[in-house]
Amino acid sequence: MSDVAYDPWSPAFVADPYPAFARLRAERPVFFHEPTGQWVITRYEDVSALLRDRRLGRTYLHVGSHEEFGREPEAEFLKPFWDLIRAGMLDVEPPTHTRLRRLVSKAFTARMVEGLRPMVRGLAEELAGAFVARGGGDLLAEVAEPLPVNVIAEMLGVPVADRHLLRPWSADICGMFELNPSEEAQRTAVRASVEFSGYLRELARARRSEPRDDLISALAQVVDEGDRLTEDELVGTCVLLLNAGHEATVNTTGNGWWSLFRNPGELARIRADRSLIPSAVEELMRYDTSAPMFERWVLEDIEVGGVEIPRGSEVALQFASANRDPAVFADPDRFDAGRDPNPHITFGLGIHYCLGAPLARIELTESYGALLRLAPDLKLVSEPEWKPGFVLRGLRSLHVEP
């Protein structure tokens, strides 16, 4: 195994982790990685089972302290960040998670999300049309990033004049989710947390007193059996929706177009038959996953693939590896725009399954559809470079021309 390098900080690994994952699935599907202090899990069967296993959690603080789990207490300066994150549902477990998801789901309904499709389509066509008229450029900065930010801002009810603030706040906060973030990244995330939560708190108070037809107003008004979201929970939910719904969608757009350019036969197939776009989007999410790894804490001793993993351990569930597992996907390293079935786990499984998955699918389908209609001969100008992060994996830029 000396030639298999699981190194999430290596640019070469970030650019193409799949050969290493193939060897790991075959030879060491469960192993302890000393540099990160995590148990790395690579097979689909194991990853999918652990996502549903209630002996694991996104946090352990509902069952024990940092000290009881052999962890250092969080630095005091990080309190604003963790207060914000734990006010949403991402890093909490039942019964708190159950309550928050129930309340948020009453406002963030399937009908509301589907009702956004005409707005998403119009915005995607506007961005793609302007991009084509300019003769191309950086598709990430000019199409992929503005679309989800503006969709989520419109959905939440953030005024147009303030929307330029959202992307920097989101990127700075998400820097904390990389492996072993630097102190500078941590302090940047804290500053963004304070600024973003302060802004949303003011907006939520305005919507409580004067509701509008937006999600912040709906969240502020939602009541279930006398229960309602606190102001902290409302703010934490809005931040989660932006961060989770923005970073992954931007990276999926860039990673996906890069995959298409590297598979010209399948790109030509989609151009000839745009009814393939929905299944192609599913395949793009499987083939080069933008959120390739999710972590869980082990709350009780478990056994995975014959390996004992003790309580207090952290596991790194490798979604990108699971999505290329030949035990589940025929010819997994081949991009197939019409792949069916395609049981990828890009949105997770179990109680933490991505609440925003339907909205992400709409945004991606409309974005690819608009560019394929308005720029049917879109061409790559230069080979892209990958950003250094692995947990949120994406390109720095993607320069193309129509």
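Because only heavy atoms are used, hydrogens play no part in the values below, and waters and symmetry mates are left out as well, while side chains stay in. Sequence positions, counted from 1, serve as the residue numbers for this chain. Computed from a predicted structure; not experimentally measured.
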Task: Heavy-atom side-chain proximity of Leu395 to Lys387 below 4.5 angstrom - done: no
TODO: Tell me whether the centres of the aromatic rings in Tyr60 and His66 are closer together than 6.0 Å.
DONE: yes
Open item on the list: Check whether Phe77 forms a cation-pi arrangement with Arg187 (NZ or CZ under 6.0 Å from the six-membered ring centre, at most 45° off the ring normal).
Closed with: yes
Open item on the list: For the backbone of Pro181 and the side chain of Gln186, can you confirm whether one donor and one acceptor N or O come within less than 3.5 Å of each other?
Closed with: yes
Open item on the list: For Glu385, is the CD atom crowded, meaning more than 12 foreign heavy atoms sit under 6.0 Å from it?
Closed with: no
Open item on the list: Just so I know, are the side chains of Asp227 and Arg99 near enough to count as touching, which here means a heavy-atom distance under 4.5 Å?
Closed with: yes
- [ ] Only counting residues at least two apart or in another chain, list the ones meeting side-chain contact (heavy atoms from CB on, under 4.5 Å) with Leu179.
- [x] Pro8, Trp9, Thr36, Gln38, Met293, Glu295, Val391
- [ ] Take the angle between the ring planes of Phe347 and His344 and call it parallel below 30°, perpendicular above 60°, tilted in between.
- [x] tilted
Open item on the list: Any heavy-atom pair between the side chains of Arg207 and Asp214 that's under 4.5 Å?
Closed with: yes
- [ ] Applying side chain to side chain donor-acceptor pair (under 3.5 Å), run through Thr346 and Asn323 and close with a yes or a no.
- [x] CA-CA 8 Å; Thr346 300; Asn323 282 342; 3.1 Å; yes
Task: cation_pi(Arg58, Trp297) dist<6.0 Å, angle<=45 - done: no
- [ ] Kindly say whether the aromatic ring centers of Phe319 and Phe21 come within a distance under 6.0 Å.
- [x] no
- [ ] Determine whether Phe261 and Lys379 make a side-chain contact, defined as any pair of heavy atoms from C-beta on separated by less than 4.5 Å.
- [x] no
TODO: Would you verify whether the NZ or CZ of Arg324 falls within 45 degrees of the ring axis of Tyr287 while also being under 6.0 Å from that six-membered ring's centre?
DONE: yes
Open item on the list: Treating His164 as the side-chain partner and Ala161 as the backbone partner, does any N or O pair qualify as donor plus acceptor under 3.5 Å?
Closed with: yes
